[in-house]
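Nothing fancy with the numbering, it's 1 onward along the sequence.
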Amino acid sequence: MNASQLQPAQTQPTAAGQTLYGGVTNRRVTVRDLAAAKQRGERWAMLTAYDALTGGVFDEAGIPVLLVGDSAGNCHLGYETTVPVTMDQMVMLSAAVVRGTKRALIVGDMPFGSYQESPAQALHNAARFLKEAGVGAVKLEGGERSARSIELLVEAGIPVMAHIGLTPQSVNAFGGYPVQGRGDEAAHQLLRDAKAVQQAGAFSVVLEAVPAELAAQVTDQLAIPTVGIGAGAGCDAQVLVWTDMAGMTAGRVPKFVKQYANLRAVLGDAAREYAAEVAGGTFPAPEHTFK
């Protein structure tokens, strides 16, 4: 099946006929569409994308939100963590995804060092995402500590997706990637963080590596959509890194990942078959040759 044959996932239509899957097709999905989905209880999927071609495939498949994540550092740029990723790299990747898509809301992930210094720094770099890449929103990590930056961006007209729980940019402080929110004190802090980003104006919040029961509690207490990754089925939406989801990632993947394909094996087999035909002199064949 090629990309042009892919059809958007279907859900039961609402009275207005405007579901995220199979509903809005003549314009970009907006943060207002996500708020409406929360109100009617519609769940939705988000994937990462880092280039025009892959973004286009997911757009045609009906994925309503694409995150140009700083996870590109791990799965495309060869870094061990997301920390080395730069604003210039993120703007370039985000612009490519925007160019390759027509419908999905594109969210640019603000990399480490692009917003932690001050709200003014956050505004400057978030504006770059909108002006230079053309994204519809940005994402940044942190709860209460990032609330003022979120507030300033929203006041300036920049939609913000927040990210709490396990925040990968803090890998050096965490000493790894542990589950967050375990224990009464940690759970209370997560709830405070969630309410702080909502109060600051975030249109949604990612909950990463959080116990399912706590994530469901946060979801129930917030008016904005929650996006889970390793946070159970009680969230309003789910996100996965596409290379994990499609089986491109080598070695072990996190517990919360389900692999829906094995593209690494498919590409490897194709490359070996190509190399064998070149070595054996059977490619290019007459039908691949100009006369």
(request) Could you tell me the separation between the CG atom of L66 and the CG atom of L105, rounded to the nearest 0.5 Å? (result) 8.5 Å
(request) For the residue pair Y115 and Q169, confirm or rule out a side-chain donor-acceptor distance under 3.5 Å. (result) yes
(message) Same cluster or not: L267 versus V241, using hydrophobic residues (I, L, V, M, F, W, Y) connected whenever any side-chain heavy atoms lie under 4.5 Å apart?
(response) yes
(request) Would you confirm whether T226, through its side chain, and D236, through its main-chain N or O, come within 3.5 Å as a donor-acceptor pair? (result) yes
(request) To the nearest 0.5 Å, tell me how far N125 CG sits from L140 CG. (result) 11.0 Å
(request) Assess whether atom CD of E277 is packed by more than 12 heavy atoms of other residues, nucleotides or ligands within 6.0 Å. (result) yes
(request) Over 60° means perpendicular and under 30° means parallel, so classify the ring planes of F283 and H288, tilted if in between. (result) tilted
(request) Apply side-chain contact (heavy atoms from CB on, under 4.5 Å) to the pair M245 and V257, showing each step before the final yes or no. (result) CA-CA 7 Å; M245 178 277 298; V257 170; 5.8 Å; no
(message) Is there a side-chain contact between E151 and R148 in this structure, where contact means two heavy atoms from C-beta onward sitting under 4.5 Å apart?
(response) yes
(request) Look only at the side chain of S146 and the backbone of G143, and say whether a donor-acceptor pair between them is shorter than 3.5 Å. (result) no
(message) Among residues at least two apart in sequence or on other chains, which ones pass side chain to side chain contact (heavy atoms under 4.5 Å, CB included) with V266?
(response) none
(message) Whether the side chain of T54 engages the backbone of Y50 through a donor-acceptor N/O pair (distance < 3.5 Å, no angle test) should be reported.
(response) no
(request) Verify the neighbour count for atom CD of E273: are there more than 12 heavy atoms of other residues, nucleotides or ligands below 6.0 Å? (result) no
(request) Check whether any side-chain heavy atom of F58 sits under 4.5 Å from a side-chain heavy atom of E60, and report yes or no. (result) no
(message) If you apply the rule side-chain contact (heavy atoms from CB on, under 4.5 Å), what do you find for W44 with V65, and how did you get there?
(response) CA-CA 9 Å; W44 46 274; V65 185; 3.6 Å; yes
(request) Could you verify whether a donor N or O on one side chain and an acceptor N or O on the other, from Y79 and T81, lie under 3.5 Å apart? (result) no
(request) Given side-chain contact (heavy atoms from CB on, under 4.5 Å), test L47 with V239 step by step and report yes or no. (result) CA-CA 5 Å; L47 284 171; V239 61; 5.9 Å; no
(message) Give me the atom names and distance for the closest heavy-atom approach of G136 to P159.
(response) O-CG, 3.4 Å
(message) Would the distance check show the side chain of T101 and the main-chain N or O of G56 forming a donor-acceptor pair, the cut-off being under 3.5 Å?
(response) no
(request) Report yes if the side chains of M161 and V138 come closer than 4.5 Å at any heavy-atom pair, otherwise no. (result) no
(request) Just do the side-chain contact (heavy atoms from CB on, under 4.5 Å) check on M87 and R128 with the steps written out, would you? (result) CA-CA 9 Å; M87 267 298 300; R128 284 194 62 191; 3.8 Å; yes
(message) Between Q121 and G113 (side chain of the first, backbone of the second, donor and acceptor by atom type, cut-off under 3.5 Å), is there such a pair?
(response) yes
(request) Check whether L67 and Y260 end up in the same hydrophobic cluster, where Ile, Leu, Val, Met, Phe, Trp and Tyr are linked by side-chain heavy atoms less than 4.5 Å apart. (result) yes
(request) Would you mind reporting whether V68 and V107 have side-chain heavy atoms less than 4.5 Å apart? (result) no
(message) Can you tell me how far apart NZ (K258) and CG (D244) are? Round to the nearest 0.5 Å.
(response) 14.5 Å
(message) If the threshold is 4.0 Å, N to carboxylate O, is there a salt bridge linking D59 and R28?
(response) no
(message) Ignoring hydrogens, what is the shortest heavy-atom contact between V135 and S94? Give both atom names and the distance.
(response) CG1-CB, 3.7 Å
(message) Just verifying a value: how many Å separate D109 CG and H163 NE2, rounded to the nearest 0.5 Å?
(response) 8.0 Å
(request) Would you kindly say whether E144 and Q189 are connected by a side-chain donor-acceptor distance under 3.5 Å? (result) yes
(request) State, to 0.1 Å, how close P119 and S149 come at their nearest heavy-atom pair, and which atoms those are. (result) CA-OG, 3.4 Å
(request) State, with a plain yes or no, whether a side-chain heavy atom of V227 is found less than 4.5 Å away from one of L207. (result) no
(message) Any heavy-atom pair between the side chains of V29 and R103 that's under 4.5 Å?
(response) yes
(message) Please check: side-chain N/O of Q198 versus main-chain N/O of D193, any donor-acceptor pairing under 3.5 Å?
(response) no
(request) Please report the closest heavy-atom contact between G201 and V154, naming both atoms and the distance. (result) O-CG2, 3.5 Å
(request) Would you check if the side chain of H188 reaches a backbone N or O of D184 as a donor-acceptor pair within less than 3.5 Å? (result) yes
(request) Verify whether one side chain among N74 and S71 offers a donor that lies under 3.5 Å from an acceptor in the other. (result) no
(message) Salt bridge check, R27 against D33: does any charged N sit closer than 4.0 Å to a carboxylate O?
(response) yes
(request) Mind checking the CZ-CG spacing from R40 to L20? Nearest 0.5 Å is all I need. (result) 5.5 Å
(message) If I compare all heavy atoms of A215 with all of A231, which pair ends up nearest, and what's the gap?
(response) CB-O, 3.2 Å
(message) Taking the side chain as everything from C-beta on, heavy atoms only, tell me whether L191 gets closer than 4.5 Å to Q221.
(response) yes
(request) Would you indicate whether the side-chain heavy atoms of E42 and T19 approach each other to under 4.5 Å? (result) yes
(message) Does the plane of the ring in H76 sit parallel, tilted or perpendicular to the ring in W242? Use 30° and 60° as the thresholds.
(response) tilted
(request) Give, for atom CZ of R43 and atom NZ of K38, the distance between the pair rounded to the nearest 0.5 Å. (result) 10.0 Å
